[in-house]
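Since the structure is predicted, the reported quantities are computational estimates derived from the model, not experimental observations.
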Amino acid sequence: MYFATWLEQYQFEKFVLDVAIATLTYGGVTSQLSSYQFLDPIDAWGLPKYPDKTLILNPEANIAEGLHNFIQTNESYLREPDTWLGTWINPDTLCCYLDVTLICPRLEEARREAIQRSQTGKRPVLALYNFKHNKTLYLNQPTM
């Protein structure tokens with residue numbers, strides 16, 4: 001990434017640290033690279049927009065370093081309209097997933113998008129996440 005000033009670079013570094021801290025504190029977070037804002041708990045579903053770009057960090061990994069590298073590699077995708085940076089710690093494996101995230105207002109739409117993206121990519125979409133209800137829905141389970 002290019003920064004015109006030290007302030008811009010420091011703001012980016014603070015954002016990366018804030019995302020890493022929030023991920024470790026809450027088990028995941030959704031934020032926007034263009035504004036450095038975190039998503040409010042809305043009644044909508046998040047899923048990987050580009051599942052093949054998902055980065056999975058092992059439990060011992062430095063999340064801030066992983067985020068920095070993931071953002072640099074996927075900056076153009078993360079700056080697309082209506083696209084978010086998503087993090088999630090899988091409670092079963094404790095691995096941290098970093099995603100370019102798409103948000104769908106309805107569960108049916110999110111499931112349809114996830115199935116389509118799973119079929120066209122190399123990596124399947126494993127789960128959907130509802131921000132308001134703090135609910136992970138694994139795609140191999142029935143709907144709510």
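Side-chain atoms of Thr101 and Lys49, non-hydrogen and from C-beta on, never get closer than 4.5 Å to each other. Cys96 places a side-chain heavy atom less than 4.5 Å from the side chain of Thr23. Side chains of Arg123 and Ile56 form a contact here, defined as non-hydrogen atoms less than 4.5 Å apart. When side chains are defined from C-beta on, Leu67 counts as touching Leu98, because their heavy atoms get closer than 4.5 Å. By the 4.5 Å heavy-atom criterion applied to side chains, Lys53 and Tyr77 are counted as neighbours. At least one side-chain heavy atom of Glu8 sits under 4.5 Å from a side-chain heavy atom of Thr5. Two residues are said to be in side-chain contact when any heavy atoms from C-beta on lie closer than 4.5 Å; Leu137 and Asn130 fail this criterion. Residues Leu17 and Glu13 are not in side-chain contact: their nearest non-hydrogen atoms beyond the backbone lie 4.5 Å or more apart.
Aromatic pair Tyr129/Phe131: centroids less than 6.0 angstrom apart.
Other residues, nucleotides and ligands place more than 12 heavy atoms under 6.0 Å from the CG atom of Asn58. Tyr26 OH: 12 or fewer foreign heavy atoms inside a 6.0 Å radius.
Follow the hydrophobic side-chain contacts under 4.5 Å out from Leu55 and you never reach Leu47; the two are in separate clusters. Side-chain heavy atoms closer than 4.5 Å link hydrophobic residues (I, L, V, M, F, W, Y) into clusters, and following such links, even through other members, never connects Leu102 to Val19. Taken together through direct or relayed side-chain contacts under 4.5 Å among Ile, Leu, Val, Met, Phe, Trp and Tyr, Leu33 and Tyr97 form parts of separate hydrophobic clusters. Grouping the Ile, Leu, Val, Met, Phe, Trp and Tyr side chains by contacts below 4.5 angstrom, directly or via other members, places Val16 with Phe38. Transitive grouping of hydrophobic side chains (ILVMFWY, heavy atoms separated by less than 4.5 Å) brings Val100 and Met1 into a common cluster.
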Quiz prompt | Steps toward side-chain contact (heavy atoms from CB on, under 4.5 Å) verdict (Phe12, His68) | solution = CA-CA 9 Å; Phe12 171 73; His68 189 274; 3.3 Å; yes
Practice problem: Decide yes or no on side-chain contact (heavy atoms from CB on, under 4.5 Å) for Ile103 and Trp84, but give the supporting numbers first. | Solution: CA-CA 8 Å; Ile103 297 175; Trp84 299 78; 3.3 Å; yes
Exercise. Could you go through the side-chain hydrogen bond (donor to acceptor under 3.5 Å, both in side chains) check for Glu80 and Tyr50 one step at a time?
Key: CA-CA 12 Å; Glu80 291 176 357; Tyr50 304 108; 2.7 Å; yes
Self-check item: Thr136 and Leu128: CA distance, side-chain angles, deciding distance, side-chain contact (heavy atoms from CB on, under 4.5 Å) verdict
Solution: CA-CA 6 Å; Thr136 300; Leu128 309 172; over 6 Å; no
Quiz item: salt bridge (charged side-chain N to carboxylate O under 4.0 Å, His left out) between Glu75 and Arg79: does it pass, once the steps are laid out?
Solution: CA-CA 6 Å; Glu75 181 180 5; Arg79 292 196 183 278; 3.0 Å; yes
Exercise. Please assess Leu126 against Leu139 for the test side-chain contact (heavy atoms from CB on, under 4.5 Å), listing each intermediate value before the final yes or no.
Key: CA-CA 6 Å; Leu126 300 178; Leu139 289 177; over 6 Å; no
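In this structure, Thr30 contributes its side chain and Leu39 its backbone to no donor-acceptor pair below 3.5 Å. With hydrogens and angles ignored, the 3.5 Å screen pairs no side-chain donor or acceptor of Thr73 with any backbone N or O of Phe70. Side-chain atoms of Asn90 come within 3.5 Å of backbone atoms of Asp92 as a donor-acceptor pair (strictly under, hydrogens ignored). Judged purely by atom type and a 3.5 angstrom limit, Asp52 uses its side chain to pair as donor or acceptor with the backbone of Lys122.
Shown here for Pro48 and Ala127, the closest heavy-atom pair between the two residues is CD-O, 4.4 Å. Heavy-atom minimum distance, Pro59 versus Cys95: CD-SG, 3.9 Å.
Note that NE2 of His133 is 4.0 Å distant from CG of Asp43, once rounded to the nearest 0.5 Å. In this structure, CD on Gln32 lies 8.5 Å from CD on Gln37, to the nearest 0.5 angstrom. Note that the CG atom of Asn62 and the CD atom of Glu60 stand 12.0 Å from one another [nearest 0.5 Å]. A distance of 13.5 Å separates CD in Glu113 from CZ in Arg111, rounded to the nearest 0.5 Å. Note: Leu85 CG to Thr83 OG1 = 11.0 Å, rounded to the nearest 0.5 Å.
Legend: residues meeting salt bridge (charged side-chain N to carboxylate O under 4.0 Å, His left out) with Glu109, ordered by chain and number and at least two apart, are absent.
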